[in-house]
Amino acid sequence: MDLNQKIDIKDFPSLNDVCIVPKNILNELIDYYKSNEYIKKHVKEAEEIVLDKRKSYTHEEMIAILKKEGL
């Protein structure tokens, strides 16, 4: 996922080439996606994992870490 990638209305669900999400709501969702700091943070973390700058954990490793922390 790339925050610089252009999001287009054609990327969303449609029925007979008619977007099933109202255009004004869709534009609000796109703006929210582009400005949301939480999403930006997680996209950056995913990119770091791809570039081997951050460790990725398996499901089992994650469960072990949570258990160790008492969660």
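Note that the structure is predicted; figures quoted are calculated from it, not measured.
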Pairing of Glu45 and Lys41 as salt bridge, 4.0 angstrom limit: yes
With the side chain counted from C-beta on, respond yes when Lys40 and Glu37 share a heavy-atom pair under 4.5 Å apart, and no when they do not. yes
Partner of Leu29 by side-chain contact (heavy atoms from CB on, under 4.5 Å), out of Asp31, Ile25, Asn27: Ile25
Please examine the side chains of Glu47 and Val43, heavy atoms only from C-beta on, and report whether any two atoms are closer than 4.5 Å. yes
Please say whether more than 12 non-hydrogen atoms of neighbouring residues, nucleotides or ligands are located less than 6.0 Å from NZ in Lys67. no
